[in-house]
Amino acid sequence: MTKSTANAPALNEIRDRILETASELFYHRGVRAVGVDLVVEQSGVAKTSLYRHFGSKDDLIAAFLEREDLDFWSTWDRVTERHTDDAMAELDAHFEWIGERVGRDNYRGCPQINTAAEFPEAGHPARKVAEAHMREMRRRLKVIAGALAVAAPDRLAGQLAVLINGAFVSMQVFEPGEATGLLRDAAHALIAAARS
């Protein structure tokens with residue numbers, strides 16, 4: 001085993017610690033409000049270690065969003081796998097976990113939406129990750145809409161995306177436990193209108 005191979009687990013552990021710390025801080029305090037000095041202090045690593053793993057704060061922000069993306073889509077995929085033959089049941093199941101997510105006491109909104117709002121520059125790495133997330137959601141919703149046999153699947157997918165994103169930013173106005181029902185009722189109304 002070479003020296004660099006032996007150091008790989010330790011380097012990955014340091015990278016993971018930095019990313020975990022930054023993710024917590026970025027999500028709860030906002031990306032612009034958190035400086036690299038705070039990430040370094042809270043993670044207990046040297047600033048040089050942070051920059052060795054993430055070339056800039058922008059790279060760290062993008063890694064945070066990619067991490068959140070992976071979590072979101074892995075949950076989505078697990079739900080999809082359980083409902084391969086029933087698009088309506090799949091959509092309802094997505095609203096179940098999304099409604100549960102937005103109803104959490106510590107929920108502070110969608111990380112992609114929050115971060116995109118902080119970075120209006122189209123070319124910013126974090127904004128690119130956030131926009132890719134939104135495009136992927138619409139693509140996945142269009143697959144479901146197509147299976148629902150509506151006349152305009154892309155239009156319904158857009159409406160469902162607006163509904164979901166609206167839930168992500170409306171968590172303060174939901175009564176405990178009501179988000180799932182509101183999402184389902186609104187989606188069913190949109191689907192009925194798209195079929196008429």
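What you see below is based on every heavy atom in this structure, not just the backbone, and it leaves out hydrogens, waters and symmetry mates. The shown structure was predicted, so the numbers you read here are calculated from the model rather than taken from an experiment.
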Summary of salt bridge (charged side-chain N to carboxylate O under 4.0 Å, His left out) pairs that have at least one residue in [range], sequence neighbours excluded:
range            : result
residues 180-194 : E96-R184
residues 163-179 : none
residues 59-70   : E20-R67
residues 142-153 : none

*Contacts of type ring pair (Phe, Tyr, Trp, His ring centres under 6.0 Å), residue F64, not counting sequence neighbours*: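 In terms of ring pair (Phe, Tyr, Trp, His ring centres under 6.0 Å), with neighbours along the sequence ignored, F64 is linked to F26.
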*Are V143 and L160 connected in the hydrophobic side-chain network, where two residues link if heavy atoms are under 4.5 Å apart?*
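No; L160 is not reachable from V143 via cluster members.
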*Are V162 and L156 linked, directly or through other ILVMFWY residues, by side chains that come within less than 4.5 angstrom of each other?*
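Unlinked, V162 and L156 end up in two clusters.
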*asked:* Testing the 3.5 Å rule here: is there a donor-acceptor pair between the side chains of H28 and N106?
replied: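 H28 vs N106: no donor-acceptor pair found between side chains.
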*CA sep, side-chain torsions, deciding dist, call: I191, L91, side chain to side chain contact (heavy atoms under 4.5 Å, CB included)*: CA-CA 11 Å; I191 293 163; L91 190 60; 3.6 Å; yes
*Applying salt bridge (Lys or Arg N to Asp or Glu O under 4.0 Å), name anything that partners E131, two or more places apart in sequence or on another chain.*
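Checked E131 against salt bridge (Lys or Arg N to Asp or Glu O under 4.0 Å); matches are R127.
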*Report the residues that fulfil salt bridge (Lys or Arg N to Asp or Glu O under 4.0 Å) with D85, sequence neighbours left out, ordered by chain and then residue number.*
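Salt bridge (Lys or Arg N to Asp or Glu O under 4.0 Å) list for D85, sorted by chain: empty.
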Any side-chain heavy atom of [X] sitting closer than 4.5 Å to one from [Y]?
X    : Y    : result
Y107 : Q172 : no
Y51  : V36  : yes
H94  : T80  : yes

Rounded to the nearest 0.5 Å, what separation is found between the [atom1] atom of [X] and the [atom2] atom of [Y]?
X    : Y    : atom1 : atom2 : value
E24  : Q42  : CD    : CD    : 10.5 Å
R195 : L190 : CZ    : CG    : 12.0 Å
L60  : L19  : CG    : CG    : 6.5 Å

Closest heavy-atom pair and its distance - [X], [Y]:
X    : Y    : result
A145 : A157 : CB-N, 4.4 Å
F174 : A167 : CE1-O, 3.6 Å
L148 : A87  : CD2-CB, 3.8 Å
L183 : I164 : CD2-CA, 4.5 Å
T180 : G99  : OG1-CA, 3.3 Å
L141 : A161 : CD1-N, 3.5 Å

*Can D77 and R82 be said to form a salt bridge (charged side-chain N to carboxylate O under 4.0 Å, His left out), step by step?*
CA-CA 9 Å; D77 290 341; R82 291 195 309 263; over 6 Å; no
*Hey, could you give me each pair passing ring pair (Phe, Tyr, Trp, His ring centres under 6.0 Å) that has a residue in residues 135-172? Not counting sequence neighbours.*
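Sorted pair list comes back empty.
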*Sorted by first residue and then second, give each ring pair (Phe, Tyr, Trp, His ring centres under 6.0 Å) pair with at least one member in residues 127-167; sequence neighbours left out.*
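Passing the test, one end in residues 127-167: F72-H133, W73-H133.
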*Begin with the C-alpha distance, continue with both residues' side-chain angles, and end with the deciding distance and a verdict on side chain to side chain contact (heavy atoms under 4.5 Å, CB included) for L50 and K57.*
CA-CA 9 Å; L50 185 145; K57 181 181 176 186; over 6 Å; no
*Can a salt bridge be assigned to the pair R139 and E136 using a cut-off of 4.0 Å between side-chain N and carboxylate O?*
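Yes, charged N to carboxylate O under 4.0 Å.
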With a 3.5 Å cut-off and sequence neighbours excluded, list the donor-acceptor pairs that the side chains of residues 113-124 form with protein atoms.
unit_1: N114; atom_1: ND2; unit_2: R108; atom_2: O; d: 3.0
unit_1: N114; atom_1: ND2; unit_2: C110; atom_2: O; d: 3.4
unit_1: T115; atom_1: OG1; unit_2: P111; atom_2: O; d: 2.8
unit_1: E118; atom_1: OE1; unit_2: V31; atom_2: N; d: 3.4
unit_1: E118; atom_1: OE1; unit_2: R32; atom_2: N; d: 2.7
unit_1: E118; atom_1: OE2; unit_2: V31; atom_2: N; d: 2.9
unit_1: H124; atom_1: ND1; unit_2: A126; atom_2: N; d: 3.0
unit_1: H124; atom_1: NE2; unit_2: D58; atom_2: OD1; d: 2.9

_R17 side-chain N/O to S43 backbone N/O, donor-acceptor pair under 3.5 Å_ =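 Flag set: sc R17 to bb S43 pair under 3.5 Å.
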_When you measure from the side chain of S74 to the backbone of L70, do you find a donor-acceptor pair of N or O atoms at a distance under 3.5 Å?_
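Yes, S74 side chain to L70 backbone: donor-acceptor pair under 3.5 Å.
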*asked:* With side-chain hydrogen bond (donor to acceptor under 3.5 Å, both in side chains) as the rule and sequence neighbours excluded, what pairs involving residues 150-166 come up?
replied: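 side-chain hydrogen bond (donor to acceptor under 3.5 Å, both in side chains) check on residues 150-166 returns R138-D154.
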*asked:* So, using side-chain hydrogen bond (donor to acceptor under 3.5 Å, both in side chains) as the criterion, who are the partners of K47 when residues are at least two apart?
replied: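 Expected list: D37.
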*Verify side-chain hydrogen bond (donor to acceptor under 3.5 Å, both in side chains) between H83 and D92, making sure each step is shown before the conclusion.*
CA-CA 10 Å; H83 301 284; D92 284 346; over 6 Å; no
